[in-house]
Amino acid sequence: MKWIPEYRDDVPRVERFNLIARITHWGHTVTFLLCLFTGLILFLDGVDWLAFIFGGYRGAGLVHRIAAVGMTIMLLFGLIAGFKGLIAWMKDIGRFGKNDIMFLSIFPLDFFGVPMKFPPQTRFNGGEKMNSLVLLTMVTLLVLSGYIMWFPAIFPAGLVRFSYPVHDLAMIFSTLMVCMHGFLGSFHLGSGESFWGMWKGTVRADWAQHHHAIWYEETYGDKAKSEEE
Amino acid sequence: MARSLTNLYDVSKCTACRGCLVACKDSNQLPAVIEPFKGNYATHEDTNGNTYTLIRFIEHEDPVDGVRWNFLKWQCMHCFDAECMKVCPKNAYTKTEWGATIHDEDKCIGCQYCTYACPFGIPKYRKRTDTVTKCTLCYERVEEGLKPACVRTCPSGALTFGYRDELLQQAEERVKMLRANGFPRATIYGKLELGGTNKIYVLTDTPDKFGLPVEPKVSANTWVWQDWVQPYAGWLIPIALAASATSFVTNRILDSKKKNHAEGGHE
């Protein structure tokens, strides 16, 4: 059985994510998962065994805070070092249009493995745009509400109380997205190639052309090449 | 539910001697907490991990009556519908049959959700034990047939202990008497507030003059969080996981029929 599409360097490949984007991405992955598993101890009942992995409730609380600071650093790193990339990312999200709506409406079938014919997509398809938007918002909310709950003395009591449901809801929506994103970006056969885009930085050119036709044409297509020359 | 046993605190009889504070510390074996002088008679600003009860001193200027100086014994109100109990992720809070809200330190992990959910902000974190603490209504003493330590020591009779229904009658009579004798705004606090608290105050003035919330409310945030987010919204995550697992299988079944979708995905 095949887990993820194999990495092939015998076919032409194109760059999809630069090093800064990849560092930011995996930095968030590690810190997010640490925060998630230490945080779930308080959210769920009967997961005391999770606490023991981290050395008890105190240890889990400490790991949660350290990982949270790590996540904040990754956020700031992405914002500062990857500013150009962030703007490009935002701009691409802003290109949400008819093709994305069509993508989203037939995507559920593709998700379960039915081969579908999608309209051409920009660098990020309709689903990825949604994922980007939700995760960006939710992680920002998580960080903000987290610090408010961490230092309640310097914030008004109403804001502290408000932060608890916000933190929980943001956790739920971001984890929902992370589950889908993690699956689609690896084990899903159709889109699994994008895993290599984030791991090694490049994807197969034919895959990029097929899945992100508009982006491919604009970046690596004949027109882009002729402009470069 | 058995008849509630509770504490009645009559402000009009209190001399602010703070015997209750000392008796509480003695009975619960709590060390002294010395706070810096803040320009008034109050020994403590608020409850803390080692101080379950204290006397608050509230000065206010009234255009008619001039300067008024109010005392208030401040501690857990033992709400019947206790917020601390609702938000505690480890279920450390329980209600005794007779209405005391008690907190099990062995279950407490010191997360302090209760501190911020409590409409009065009573439960406080104690570093020494890494837990939250608060007034227990001396449930160990009461269950042995004794009165709470604060009541036992009160020299002026401001504190009485007994059945809640009887004490409420007593309080109402006292309020009537006070209203007729120079305290027209005298009132009972804790009878209806938050659906009733297992701690009753007889006040000589409106609650705001004693630093009490006039209409204490359960924050909508707590409600949304505990009654909606916690029980239901979390199910989105297992749904996402289940969908991914299904997709993992169906992808491979359908792919085996159609050869090259994974291979660059060419039709």
Side-chain angles (χ1 to χ4, degrees), chain A residues 1-6 8 11 40-45 48 51 56-58 60-61 108 110-115 117 149 152 157-158 160-169 171-173 175-180 182-184 187-193 204-211, chain B residues 83 87-91 107-113 115-119 121 125 130 218-258 260-267:
Chain A
M1 190 180 59
K2 183 184 258 171
W3 286 96
I4 61 171
E6 73 179 304
R8 292 182 49 181
V11 291
L40 282 178
I41 298 164
L42 285 190
F43 184 76
L44 299 173
D45 285 329
D48 297 337
Y57 297 107
R58 193 111 191 100
D110 178 83
F111 179 70
F112 290 109
V114 184
K117 181 97 186 111
M149 298 184 326
V160 177
R161 278 180 198 156
F162 184 61
S163 296
Y164 286 102
V166 166
H167 204 72
D168 276 16
L169 274 178
M171 179 279 282
I172 289 165
F173 288 127
T175 308
L176 173 77
M177 280 302 179
V178 165
C179 290
M180 305 300 268
F183 171 67
L184 281 165
F187 300 134
H188 188 266
L189 295 175
S191 61
E193 174 69 16
R204 291 172 56 161
D206 54 352
W207 181 88
Q209 203 171 7
H210 179 72
H211 284 259
Chain B
E83 286 313 296
V87 300
C88 181
K90 289 280 141 239
N91 301 319
K107 286 186 185 166
C108 181
I109 56 171
C111 73
Q112 301 169 64
Y113 280 10
T115 306
Y116 301 100
C118 175
Y125 180 72
D130 188 25
V218 174
S219 165
N221 293 314
T222 308
W223 178 83
V224 168
W225 177 32
Q226 288 301 317
D227 297 347
W228 189 76
V229 177
Q230 283 263 2
Y232 303 116
W235 285 102
L236 283 171
I237 296 164
I239 289 170
L241 287 172
S244 299
T246 315
S247 166
F248 183 83
V249 176
T250 55
N251 247 277
R252 278 151 185 80
I253 294 170
L254 290 168
D255 187 62
S256 62
K257 285 180 190 159
K258 191 182 174 300
N260 54 6
H261 186 55
E263 295 283 311
H266 296 287
E267 271 87 351

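As a basis for the values below, the full set of heavy atoms in this structure was taken, side chains included, without hydrogen atoms, waters or symmetry mates. Residue numbers start from 1 in every chain, and the chains themselves are labelled A, B, ... in the order their sequence lines are given, proteins ahead of strands.
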Side-chain contact, heavy-atom cut-off 4.5 Å: B:Trp228 with A:Asp168?
-> no
Side-chain touch A:Leu42/B:Tyr113, heavy atoms, less than 4.5 angstrom | yes
If you count heavy-atom pairs under 4.5 Å between each of B:Val87, B:Val249, B:Val224, B:Asp130 and chain A, which one has the most?
-> B:Asp130
Atom pair [atom1]/[atom2] of [X] and [Y] - distance to nearest 0.5 Å:
X        : Y        : atom1 : atom2 : value
B:Ile237 : A:Met180 : CD1   : CE    : 12.5 Å
A:Arg161 : B:Trp225 : CZ    : CH2   : 11.0 Å
B:Leu241 : A:Phe183 : CG    : CZ    : 11.0 Å
B:Lys90  : A:Ile41  : NZ    : CD1   : 8.0 Å

Would you indicate whether B:Tyr116, at its atom OH, is surrounded by more than 12 heavy atoms from other residues, nucleotides or ligands within a distance under 6.0 Å?
-> yes
In terms of heavy-atom pairs under 4.5 Å, which option from A:Ile172, A:Asp48, A:Val178 contacts chain B the most?
-> A:Ile172
Please state whether the rings of A:Phe187 and B:Phe248 are parallel, tilted or perpendicular, taking 30° and 60° as the class boundaries.
-> perpendicular
Side chain, backbone, both or neither: which part of A:Phe43 has an atom under 4.5 Å from a heavy atom of chain B?
-> both
With a 4.5 angstrom heavy-atom cut-off, which part of B:Ala243 approaches chain A: side chain, backbone, both or neither?
-> both
Would you name the heavy atoms of A:His188 and B:Ser247 that are closest together and state the gap between them?
-> CD2-OG, 3.7 Å
Closest approach of A:Cys179 and B:Ser244, non-hydrogen atoms and distance?
-> O-OG, 4.1 Å
